[in-house]
Undergrad: 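Dumping the structure here so I can ask a few things about it.
Treat the numbers as computed from the prediction; the structure is a model and nothing was measured. Counting starts at 1 for both ligands and their atoms, following the listed order.
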Amino acid sequence: MRSFVWHPYTQMNDWKKFDVISKGKGMWLYDSQGNAMMDGVASMWCNVWGHSNRELTNSMIRQSKKLQHSSLFNLTNDKAEELAEKLVKLAPEMYRVFYSDDGSTAMEISAKMALQYWNNIGEKRTRFVSLENGYHGDTIGAMSLGYVPLFFSKFKSTLFPVLRTPTPNKYRIPKGYSFEDYQEFCLEKIEQTFSKNNNIAAFVMESGAQIAGGVVIYPKGFQKKISKMCKKYNVLFILDEIATGFGRLGSIVEYQTQESTPDIVSFGKMLSGGYLPLAATLANKKVYDSFLGEYKDMKHFFHGHTFTGNPLACATALTNISLYKKHNLISKIKRREAQIRSRVEEISNLGLVGDVRHKGMLMGIELVSNKKTKTPISPQKRLPQKVFIEAKKHGIYQRTLGPIVMIVPPLAISEK
Ligand SMILES: Cc1ncc(COP(=O)(O)O)c(C=O)c1O
């Protein structure tokens, strides 16, 4: 088949042809010949209930017959309103919801909101601080906030400068530190950065765990301490729950589990069950209030998109959220998490496996070329393509990110 599609993060020369997926049912994707592959990456970490879920598709059909799209410029729609109210009730301390279409854009919005907040209150604060190896998306601002060298080095000269502090990855602690000491070191670096710079607008991090930058699950209390430090130094605290919220780590709102409180937080991916592009950036009252004033003050938020608050996506998200309770999804995830945990030792003992990290419905298996020296596998080995091909032989759609095999199934996957 001749194709005009350019695929993401793909050396097109290496792929003479792609499997054409023509149907999805439950946890399975079917190609045009009818071969089944289990969706082992939840269609890029967003699928909750599997494919063609009747409750979700029915809700999409119902809404598309009523209103598919209408703008939030000068107007509103009932589904955008209902969903915003639901989100504000779910997310402690949050006050208003700004919609967008994908995670990267939601993070651009977080950054712009923070910058304009300081501008609105008349303080000159323009710098961001974030964790090393954080990932917040692929647009210019999101790439600046989170910087994964393997993905973004080509664009480095164009990205805006961000101050970065180390992430406590238990598997890769510098020599001479215990894990506890290293956590303290990471926190001290943040505190030093805050106390030395009086122009910091916000600290940005993924909530609960870094995923794309290497599946690093934060130690208990780490996020909580950063949250407190942000309050102490009057720095806005921006959380990215795009990949970790809505159940991936076992909580609908991960920052609640982490006992932390953001000023701005973004959700995406699983928000619509993974059925339609939708993201939301929530702000607390302090942030929102700074945007209020007389028109001539020019304090209103200078941001907007064509599909902001799309009623079809919002209706789907509302149905998706209602299903969490109806099907007791969070307790199901806890059971699945235990099942995943029971396999960790076995996987850790495999030849190339350096480390296995997991929480909730997320597992990262870090492959190394030497277990003793922890030498990373070179990107030249083209691991992602090899893992994809090998997993396919077992009927599974699987991907790696750099040297990490990602186990990120749809959240409602069964024990079997
Ligand atoms: C933590 C995090 N933030 C932001 C994004 C970007 O989301 P999107 O791919 O929808 O732009 C991702 C995507 O994987 C992510 O994992």
Undergrad: For ligand 1, which atoms, with element, lie under 4.0 Å from some heavy atom of Tyr135?
TA: 1 (C), 2 (C), 3 (N), 5 (C), 12 (C), 13 (C), 14 (O), 15 (C), 16 (O)
Undergrad: Of Met44, Glu241, Gln210, His136, which has the heavy atom at the shortest distance from atom 4 (C) of ligand 1?
TA: His136
Undergrad: Report the relative orientation of the aromatic rings in Phe291 and Phe301; use parallel for angles under 30°, tilted for 30 to 60°, perpendicular for over 60°.
TA: perpendicular
Undergrad: If we only count heavy atoms from C-beta on, is the Lys225 to Gln183 side-chain gap below 4.5 Å?
TA: no
Undergrad: Which ligand 1 atoms, with their elements, are less than 4.0 angstrom from a heavy-atom of Gly103?
TA: 6 (C), 7 (O), 8 (P), 10 (O), 11 (O)
Undergrad: List every atom of ligand 1 that sits less than 4.0 Å from any heavy atom of Ser104, numbering the atoms from 1 in the order shown and giving each element.
TA: 6 (C), 7 (O), 8 (P), 11 (O)
Undergrad: Answer yes if the ring centres of Trp28 and Tyr397 are under 6.0 angstrom apart, and no otherwise.
TA: no
Undergrad: Side chains of Asn199 and Trp118 only: does a donor on one sit below 3.5 Å from an acceptor on the other?
TA: no
Undergrad: Name the closest protein heavy atom to atom 16 (O) of ligand 1, giving the residue it belongs to and the distance to 0.1 Å.
TA: Ala243 CB, 3.4 Å
Undergrad: Taking only heavy atoms of Glu206, which atoms of ligand 1 are found under 4.0 Å from at least one of them?
TA: 1 (C)
Undergrad: Indicate the atoms forming the closest heavy-atom contact of Tyr171 with Lys371, along with that distance.
TA: OH-O, 4.5 Å
Undergrad: Give the atom numbers and elements of ligand 1 that come within less than 4.0 Å of a heavy atom of Asp240.
TA: 1 (C), 2 (C), 3 (N), 4 (C)
Undergrad: When you measure from the centre of the six-membered ring of Tyr30, is the NZ or CZ of Lys25 under 6.0 Å away and within 45° of the axis?
TA: no
Undergrad: Could you find the nearest protein heavy atom to atom 14 (O) of ligand 1 and give me its residue, atom name and distance?
TA: Lys269 NZ, 2.9 Å
